[in-house]
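Here the structure is laid out as structure tokens; the discussion comes afterwards.
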Amino acid sequence: MMNLKKILKEEATWYFLALAGLLILLYMGANVIIDTYFYMISLYILIFLFSYIILRIKKKLHYYSYVVGCAFFAVWLIFYSICDLKSRSLKGYLTKQLPVLYYIPTGSGGRGTSSGFRIECKGSKQKIPTSQESDSLYQIYGDSIINHIVVRFLLKEPFPDVYYVDSVGITYK
């Protein structure tokens, strides 16, 4: 128990935990499309006010940044988990053909980008990874490959204006 307290006092531990939490949230949030700012604003207000009120009562406001980071992770993890669990019991619907904004083939994106399709759905830009088939079609069609790809999502709506991408269907014309 004493060792745990010593480890948690190190700032590097908190940075590592924050990075791990951020990666978990990015992974879970990749399948969620939020079509309104209501949820985001209300969750951020909950995070900041809840942390401030608790620390104000305990008179420990110098821990505010740590508590806000932990609350941010906990609240968004709970929100994404509820979306995931709730969407499992829902029937989804198949979208119409989604516009492919652009395609980056494997190995040509450079250091700052990753390969894949960029799709726009419900105002949110989504990234779909490439496949061996899409890369071979890129060799044939070049940049006009976006005219030969049909992408459709199977969406579920766990909350109003919140969509969970259950699966992605890619076909080629």
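The structure presented is a predicted model; accordingly, all values stated were derived computationally and were not measured. Hydrogens, waters and symmetry mates are skipped; everything else that's a heavy atom, side chains included, is used. Throughout, residue positions are numbered sequentially from 1 according to the sequence presented.
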Can you get from Leu46 to Ile41 by hopping between Ile, Leu, Val, Met, Phe, Trp and Tyr side chains that sit under 4.5 Å apart? yes
Flag side-chain contact, heavy atom, 4.5 Å: Tyr164 against Phe159: no
I'd like to know if Leu85 and Tyr163 are part of one continuous hydrophobic network [Ile/Leu/Val/Met/Phe/Trp/Tyr, side-chain heavy atoms within less than 4.5 Å]. no
Check whether more than 12 heavy atoms from other residues, nucleotides or ligands sit under 6.0 Å from atom CD of Gln132, and answer yes or no. no
To the nearest 0.5 Å, tell me how far Leu137 CG sits from Ser144 OG. 10.0 Å
In this structure, would Val150 and Val168 fall into the same cluster of hydrophobic residues linked by side-chain contacts under 4.5 Å? no
Ile119 vs Val100 side-chain heavy atoms within contact, under 4.5 Å: yes
State, yes or no, whether a side-chain contact exists between Lys156 and Lys91 at a heavy-atom distance under 4.5 Å. no
Contact summary for Val68 and Phe48, nearest pair of heavy atoms: CG1-CE2, 3.5 Å
Work out which heavy atom in Glu120 is nearest to a heavy atom in Leu98; give both atom names and the distance. O-CD2, 3.9 Å
Partners of Tyr141 by ring pair (Phe, Tyr, Trp, His ring centres under 6.0 Å), sequence neighbours excluded? His148
Within one Ile-Leu-Val-Met-Phe-Trp-Tyr cluster: Ile45 and Val75, side-chain cutoff 4.5 Å: yes
Between Cys83 and Val162, which heavy-atom pair has the shortest distance, and what is it? SG-CG1, 3.8 Å
Can you tell me which residue pairs pass the salt bridge (charged side-chain N to carboxylate O under 4.0 Å, His left out) test with a partner in residues 53-73, sequence neighbours excluded? none
Using side-chain heavy atoms (C-beta onward) and a distance below 4.5 Å, is Asp166 in contact with Phe153? no
What residues, two or more places apart in sequence or in another chain, satisfy ring pair (Phe, Tyr, Trp, His ring centres under 6.0 Å) together with Phe117? Tyr103
Minimum side-chain heavy-atom gap Trp76-Tyr44 below 4.5 Å: yes
Just so I know, are the side chains of Leu155 and Cys121 near enough to count as touching, which here means a heavy-atom distance under 4.5 Å? yes
Joining Ile, Leu, Val, Met, Phe, Trp and Tyr whenever any side-chain heavy atoms lie under 4.5 Å apart, the cluster holding Phe50 also takes in Ile54
If two hydrophobic side chains count as joined below 4.5 Å and joins carry through other members, does Leu77 share a cluster with Tyr80? yes
Minimal heavy-atom distance between Ile145 and Ser134, with the atoms involved, is CD1-O, 3.3 Å
Residues in salt bridge (Lys or Arg N to Asp or Glu O under 4.0 Å) contact with Asp161, at least two apart in sequence or another chain: none
Non-hydrogen atoms of Arg118 and Lys127 that approach each other most closely: NH1-CG, 3.2 Å
Grab the two heavy atoms, one from Leu90 and one from Lys86, that are nearest each other, plus how far apart they are. CG-O, 3.4 Å
Under 3.5 Å donor-acceptor pairs involving side-chain atoms of residues 21-40, not counting sequence neighbours:
unit_1	atom_1	unit_2	atom_2	d
Thr36	OG1	Phe38	N	3.4
Tyr39	OH	Pro160	O	2.8

Under the 3.5 angstrom rule, does the side chain of Ser87 hit a backbone N or O of Asp84 as a donor-acceptor pair? yes
